[in-house]
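Comments concern the structure below.
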Amino acid sequence: MRNYWLVKSEPDVHSFAMHSAKPGGISSWDGVRNYQARNFMRDGMKLGDRVLFWHSNAVPPHLAGICEVVREAYPDHTAQDPSSEYYDPKASPENPRWVMVDLKALVAVQRQVTFDDLRGSALLQQMRLLQRGNRLSVMPVTGDEYDEILRIAETPDP
DNA sequence: GCCAACGTTGGC
DNA sequence: GCCAACGTTGGC
(Lines give C-alpha, C1' and ligand atoms only; values in the text may rest on other atoms or scores of the structure.)
Protein backbone atom coordinates (compact mmCIF):
# COMPACT_ATOMS: atom_id res chain seq x y z
CA MET A 1 0.00 0.00 0.00
CA ARG A 2 1.30 3.36 -1.05
CA ASN A 3 1.65 6.32 1.30
CA TYR A 4 1.45 9.98 0.42
CA TRP A 5 3.52 12.88 1.70
CA LEU A 6 4.16 16.54 1.24
CA VAL A 7 7.57 18.16 1.55
CA LYS A 8 8.41 21.84 1.54
CA SER A 9 11.33 23.49 -0.14
CA GLU A 10 12.22 27.07 -0.84
CA PRO A 11 12.50 27.36 -4.62
CA ASP A 12 15.37 29.85 -4.28
CA VAL A 13 17.34 27.12 -2.51
CA HIS A 14 16.07 23.93 -4.09
CA SER A 15 13.23 24.11 -6.60
CA PHE A 16 11.39 21.28 -8.28
CA ALA A 17 13.10 22.24 -11.53
CA MET A 18 16.53 21.95 -9.87
CA HIS A 19 15.55 18.58 -8.49
CA SER A 20 14.32 17.43 -11.89
CA ALA A 21 17.61 18.50 -13.47
CA LYS A 22 19.63 16.03 -11.37
CA PRO A 23 20.65 12.78 -13.07
CA GLY A 24 17.54 10.65 -13.33
CA GLY A 25 15.63 13.38 -11.56
CA ILE A 26 16.94 11.87 -8.34
CA SER A 27 18.29 13.83 -5.41
CA SER A 28 18.60 13.20 -1.69
CA TRP A 29 16.26 15.02 0.65
CA ASP A 30 18.81 16.12 3.22
CA GLY A 31 19.02 18.85 5.84
CA VAL A 32 15.84 17.94 7.70
CA ARG A 33 16.54 18.92 11.32
CA ASN A 34 13.21 18.48 12.99
CA TYR A 35 12.45 15.28 14.86
CA GLN A 36 8.84 14.95 13.81
CA ALA A 37 9.75 15.44 10.16
CA ARG A 38 12.66 13.02 10.54
CA ASN A 39 10.42 10.38 12.06
CA PHE A 40 8.02 10.63 9.14
CA MET A 41 10.93 10.01 6.77
CA ARG A 42 12.53 7.30 8.89
CA ASP A 43 9.45 5.37 9.89
CA GLY A 44 6.92 6.21 7.22
CA MET A 45 8.45 6.79 3.81
CA LYS A 46 8.58 3.64 1.73
CA LEU A 47 9.71 2.88 -1.80
CA GLY A 48 7.11 3.96 -4.30
CA ASP A 49 5.40 6.46 -2.01
CA ARG A 50 4.27 9.63 -3.74
CA VAL A 51 5.53 12.98 -2.48
CA LEU A 52 4.01 16.36 -3.25
CA PHE A 53 6.74 18.97 -3.75
CA TRP A 54 5.62 22.27 -2.22
CA HIS A 55 7.37 25.57 -2.88
CA SER A 56 7.40 27.55 0.37
CA ASN A 57 8.50 31.17 0.61
CA ALA A 58 7.38 31.62 -2.98
CA VAL A 59 4.93 34.28 -4.14
CA PRO A 60 2.50 32.75 -3.80
CA PRO A 61 3.50 29.46 -2.18
CA HIS A 62 2.37 26.55 -4.36
CA LEU A 63 2.57 22.89 -5.29
CA ALA A 64 5.19 22.49 -8.00
CA GLY A 65 5.49 18.80 -8.77
CA ILE A 66 5.29 15.18 -7.76
CA CYS A 67 8.08 12.87 -6.64
CA GLU A 68 8.50 9.23 -5.80
CA VAL A 69 10.54 7.72 -2.96
CA VAL A 70 13.33 5.73 -4.62
CA ARG A 71 15.48 5.12 -1.53
CA GLU A 72 14.28 4.74 2.02
CA ALA A 73 15.82 6.50 5.01
CA TYR A 74 19.60 6.39 5.49
CA PRO A 75 21.98 8.56 7.53
CA ASP A 76 22.15 12.20 6.50
CA HIS A 77 25.89 12.66 6.13
CA THR A 78 25.60 16.45 5.94
CA ALA A 79 25.02 16.36 9.71
CA GLN A 80 28.59 15.07 10.12
CA ASP A 81 30.18 17.53 7.73
CA PRO A 82 31.51 20.60 9.57
CA SER A 83 31.52 22.56 6.32
CA SER A 84 27.83 21.93 5.74
CA GLU A 85 25.22 24.44 6.77
CA TYR A 86 23.33 21.44 8.12
CA TYR A 87 26.19 20.34 10.37
CA ASP A 88 25.12 18.98 13.75
CA PRO A 89 28.00 18.42 16.21
CA LYS A 90 25.89 15.86 18.05
CA ALA A 91 25.70 13.59 15.02
CA SER A 92 28.28 10.81 14.69
CA PRO A 93 28.80 7.58 12.72
CA GLU A 94 27.51 5.68 15.77
CA ASN A 95 24.53 7.99 16.12
CA PRO A 96 23.84 9.75 12.83
CA ARG A 97 20.82 11.37 14.43
CA TRP A 98 19.35 12.60 11.14
CA VAL A 99 18.25 10.75 8.04
CA MET A 100 17.52 11.51 4.43
CA VAL A 101 15.68 9.75 1.62
CA ASP A 102 16.13 9.89 -2.13
CA LEU A 103 13.32 11.39 -4.16
CA LYS A 104 12.85 11.09 -7.90
CA ALA A 105 11.00 13.93 -9.62
CA LEU A 106 8.22 12.44 -11.73
CA VAL A 107 6.25 15.35 -13.19
CA ALA A 108 5.70 19.06 -12.73
CA VAL A 109 2.04 19.83 -12.13
CA GLN A 110 -0.01 21.21 -15.00
CA ARG A 111 -1.47 23.86 -12.75
CA GLN A 112 0.29 25.16 -9.65
CA VAL A 113 -1.94 24.73 -6.61
CA THR A 114 -1.99 27.57 -4.07
CA PHE A 115 -3.29 27.98 -0.53
CA ASP A 116 -6.41 29.60 -1.95
CA ASP A 117 -7.01 26.47 -4.03
CA LEU A 118 -6.53 24.21 -1.02
CA ARG A 119 -8.80 26.32 1.17
CA GLY A 120 -11.41 26.24 -1.57
CA SER A 121 -11.79 22.48 -1.41
CA ALA A 122 -14.02 20.97 1.25
CA LEU A 123 -12.00 17.77 1.08
CA LEU A 124 -8.76 19.47 2.11
CA GLN A 125 -9.73 21.41 5.21
CA GLN A 126 -8.00 18.92 7.53
CA MET A 127 -4.62 19.16 5.80
CA ARG A 128 -1.76 19.87 8.17
CA LEU A 129 -0.43 22.35 5.68
CA LEU A 130 -3.49 24.52 6.29
CA GLN A 131 -3.30 24.44 10.08
CA ARG A 132 -2.18 27.65 11.69
CA GLY A 133 1.44 27.82 12.69
CA ASN A 134 2.34 24.62 10.93
CA ARG A 135 6.08 24.53 10.31
CA LEU A 136 6.65 20.87 9.55
CA SER A 137 8.70 20.41 6.38
CA VAL A 138 7.69 16.76 5.92
CA MET A 139 4.11 15.69 6.58
CA PRO A 140 1.70 12.93 5.62
CA VAL A 141 -1.19 13.44 3.24
CA THR A 142 -4.14 11.06 2.90
CA GLY A 143 -4.89 9.24 -0.33
CA ASP A 144 -8.11 11.19 -0.72
CA GLU A 145 -6.30 14.48 -0.24
CA TYR A 146 -3.67 13.42 -2.77
CA ASP A 147 -6.33 12.58 -5.36
CA GLU A 148 -8.12 15.85 -4.76
CA ILE A 149 -4.93 17.91 -5.03
CA LEU A 150 -3.99 16.22 -8.31
CA ARG A 151 -7.47 16.91 -9.62
CA ILE A 152 -7.03 20.61 -8.80
CA ALA A 153 -3.54 20.48 -10.33
CA GLU A 154 -5.07 19.02 -13.51
CA THR A 155 -2.35 16.42 -13.41
CA PRO A 156 -2.92 12.65 -13.61
CA ASP A 157 -1.32 10.42 -11.00
CA PRO A 158 2.07 9.58 -12.53
C1' DG B 1 9.79 43.37 7.04
C1' DC B 2 6.37 41.80 10.43
C1' DC B 3 5.07 38.62 13.57
C1' DA B 4 2.54 34.35 15.29
C1' DA B 5 3.63 29.90 16.25
C1' DC B 6 6.48 26.63 17.75
C1' DG B 7 10.93 23.96 18.72
C1' DT B 8 15.17 24.12 21.30
C1' DT B 9 18.28 25.48 24.84
C1' DG B 10 19.99 25.90 29.26
C1' DG B 11 19.84 27.78 34.07
C1' DC B 12 17.96 26.45 38.12
C1' DG C 1 11.72 18.58 34.97
C1' DC C 2 10.19 23.41 34.66
C1' DC C 3 10.02 27.31 31.94
C1' DA C 4 11.79 31.80 30.13
C1' DA C 5 14.63 33.24 26.52
C1' DC C 6 15.88 32.70 22.13
C1' DG C 7 15.99 31.24 17.22
C1' DT C 8 13.55 29.70 13.16
C1' DT C 9 9.82 29.07 9.96
C1' DG C 10 7.02 30.77 6.62
C1' DG C 11 2.58 33.13 5.35
C1' DC C 12 1.30 37.55 4.65
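Computed from a predicted model, the values in this text were never measured in an experiment.
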Problem - Hydrophobic cluster membership, L103(A) vs W98(A), 4.5 Å side-chain cutoff - result: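 Shared cluster, no.
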
Problem - Donor-acceptor contact below 3.5 Å, side chain H62(A) vs main chain P60(A) - result: yes

Practice task
Kindly state which residues belonging to residues 91-103 of chain A come within less than 4.0 angstrom of DNA chain C, counting heavy atoms of the residue only, listed by number.
Solution key: none

Problem - Electrostatic pair R33(A)-D76(A), nearest N-O below 4.0 angstrom - result: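 Counted as a salt bridge, because a side-chain N and a carboxylate O are separated by less than 4.0 Å.
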
Problem - Close aromatic pair by centroid cut-off 6.0 Å: F53(A) and W5(A) - result: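 They do not qualify: ring centres at least 6.0 Å apart.
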
Practice task
Answer yes or no on whether R38(A) is positioned over the face of F40(A), meaning its NZ or CZ is under 6.0 Å from the six-membered ring centre and within 45° of the axis.
Solution key: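 No, cation not above the ring by the 6.0 Å, 45° rule.
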
Practice task
Take nucleotides 3-12 of chain C nucleotide by nucleotide from the 5' end and write B, S or -, depending on whether a protein heavy atom sits under 4.0 Å from the base, only from the sugar-phosphate, or from neither.
Solution key: ----BBBBBS

Practice task
Compute whether any side-chain donor of one residue and acceptor of the other, for E148(A) and S121(A), lie under 3.5 angstrom apart.
Solution key: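 A pair is found: one side chain offers a donor N or O, the other an acceptor, under 3.5 Å apart.
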
Exercise for the section: For atom NZ of K22(A), decide whether the heavy atoms of other residues, nucleotides or ligands shown that lie under 6.0 angstrom number more than 12. Expected result: no

